[in-house]
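So the structure is just underneath, and the comments pick up after that.
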Amino acid sequence: MLTRRRFLGATAAALAAPLPARYALGDDADLVLRLTAEAGSVPLWKGTRTRVLRYGATVMRGRTDAVKPTGGAFGPTLELKRGERVRIHFRNRMKGPSIVHWHGMLVPEEADGHPRFAVEAGGEYVYEFTVRNPAGTYLYHPHPHGMSGAQVYYGLAGLLVVREPDERDRGLPAVEHELALAIQDRQAGADNQFMFRRMMMDRMNGVFGNRVLVNGKPDAAFKVARRPYRLRLANVSNARIYKLAWSDGRPMRVIATDNGLLSSDEGPKVVPYVTLAPFERVELLEDFGERRSGTEIALVSGAFSVRSGMMGGGMGGGMMGGMMGGMGGMMGGDQG
């Protein structure tokens, strides 16, 4: 006989357990991916390899161009199309619990990566959703309760790009003339290992780093052709705010923000710099044909102050204000 006590116990257990995998799309999913989180190591600096957590992704069914590896301490870029029916099999191969949140995406509750859906080590979770977001740059990252910050810091994050078929009709550069830059600051010791929350101040103000990675790699530099490019900038740092500008003072042309591409009435917006808080994104249209052949341009993070009353409020202009915030050197010419 089911007593009230047994009923309440069973109910509590059911609420604590993650929801079972759902297959609402049946066999009609257009794209099926496998996303795995696991521990590993990467060669970031000279000497000892850096221990990290990494996402790996493979296409199980559908478009083979839906996954683009980035290498280093950063997850692969997932490319989805608006209207596409997607299923993603997440596998947790780490020691602790985890779940994936699709940052900025319009998805059902069961696919949003709420901490209550976290799966333990060795567990799996299946996401299903139809892509409803407009074309733009989004992110994915872990979202287990009390562990999200550390898991992101050690490498679990990646870009998620949504595309629409009419983007070329809007005058945007082709896919081969795009450049995505995920900017992160990390505190690393002499042994090349990341250091997360070393002191009480890290809990109060967030963890700030002494080195910068772009797409999970240090000293990032890119060679570009002398033509217009679509740049996708994302701040994937845990706490740092960046004030990004071109090193030669040229204005920036913003064509998209967190919510996707700006309408023809809204943009492009010409601004002297862009400010990105953690996990904010922006897209720029930059014509490198306007620069002399062989010249080098850098994306830098300038100093600024935040009048918040917290320890002087110098989140951007304090410890690392004015440091290189992204492309170490962007070559603007030699590729025709």
Side-chain angles (χ1 to χ4, degrees), residues 37-57 68-78 103 137-142 148-161 178-198 202 206-223 231-245 247 274-282 284 297-302 315-316 318-330:
E38 58 188 350
S41 66
V42 293
L44 294 181
W45 300 283
K46 184 178 180 180
T48 307
R49 293 170 66 95
T50 304
R51 294 185 297 275
V52 298
L53 298 176
R54 304 187 70 182
Y55 280 130
K68 293 185 177 180
T70 56
F74 198 64
T77 297
L78 306 182
H103 197 92
T137 304
Y138 306 90
L139 291 160
Y140 64 95
H141 62 83
S148 301
Q151 290 188 3
V152 169
Y153 199 83
Y154 285 103
L156 290 187
L159 294 180
L160 192 158
V161 172
E178 290 187 9
L179 191 57
L181 305 170
I183 306 170
Q184 301 168 293
D185 69 324
R186 293 291 180 265
Q187 185 74 221
D191 60 353
N192 292 339
Q193 303 308 312
F194 293 152
M195 297 183 293
F196 182 73
R197 287 187 177 172
R198 299 166 298 144
D202 290 340
V207 181
F208 293 88
N210 59 357
R211 308 190 193 188
V212 166
L213 303 177
V214 176
N215 298 344
K217 301 175 183 178
D219 303 321
F222 307 88
K223 198 169 186 179
L231 303 183
R232 302 175 185 268
L233 308 182
N235 179 0
V236 197
S237 301
N238 281 54
R240 186 168 303 283
I241 298 174
Y242 297 99
K243 178 184 175 182
L244 301 174
S247 57
V274 294
T275 302
L276 291 182
F279 282 76
E280 286 187 330
R281 293 88 60 205
V282 69
L284 308 176
I297 183 71
L299 188 65
V300 297
S301 181
M315 296 178 77
M319 183 163 54
M320 289 179 65
M323 70 170 296
M324 299 296 289
M327 296 168 281
M330 175 169 280

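Atom CZ of F74 sits about 12.0 Å away from atom NZ of K217, to the nearest 0.5 Å. Atom CG in L181 sits 5.0 Å away from atom CZ in F222 (nearest 0.5 Å). Interatomic distance, OG1 of T77 versus CG of L159, reported as 4.5 Å (0.5 Å rounding). Summarising the geometry, atom CG belonging to L284 is positioned 11.5 Å from atom CZ belonging to R232; distances are rounded to the nearest 0.5 Å. Rounding to the nearest 0.5 Å gives a distance of 8.0 Å between CG of N235 and CG of D185. The CH2 atom of W45 sits 9.5 Å away from the CG atom of D219 when rounded to the nearest 0.5 Å.
Side-chain atoms of T50 and S41, non-hydrogen and from C-beta on, never get closer than 4.5 Å to each other. The closest side-chain heavy-atom distance from N238 to R186 is below 4.5 Å. When side chains are defined from C-beta on, Y242 does not count as touching L299, because their heavy atoms never get closer than 4.5 Å. Between Q187 and F208, every side-chain heavy-atom pair lies at or beyond the 4.5 Å cut-off.
The minimum heavy-atom distance linking R49 with P43 is given by the pair NH1-CD, 3.7 Å. Closest approach of N215 and A180 over heavy atoms only: ND2-O, 2.9 Å. Smallest separation of non-hydrogen atoms from V236 and A182: CG2-CB, 3.9 Å. A188 approaches N210 most closely through the heavy-atom pair N-OD1, 3.1 Å. Residues A234 and L139 share a closest heavy-atom pair of CB-CD2, 4.4 Å. Pairing each heavy atom of Y55 with each of P76, the nearest pair is O-CD, 3.3 Å.
Ring geometry, H141 versus H103: the interplanar angle falls from 30° to 60°, so the pair is classed tilted. By the 30° and 60° cut-offs, the orientation of the rings of Y154 relative to F194 is tilted.
When R51, K46, R211 are each tested for a side chain to side chain contact (heavy atoms under 4.5 Å, CB included) with N192, only one passes: R211.
For the pair R54 (side chain) and G40 (backbone), a donor-acceptor distance under 3.5 Å is absent. Between the side chain of T70 and the backbone N or O of G75, at least one donor-acceptor pair lies under 3.5 Å.
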Margin query: I'd like to know whether L276 forms a side-chain contact (heavy atoms from CB on, under 4.5 Å) with I183, so could you lay out the CA-CA distance, the side-chain angles of the two residues, the decisive distance to 0.1 Å, and finally the verdict.
Written below: CA-CA 10 Å; L276 291 182; I183 306 170; 5.8 Å; no

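Not counting sequence neighbours, T48 has no partner by the side chain to side chain donor-acceptor pair (under 3.5 Å) test.
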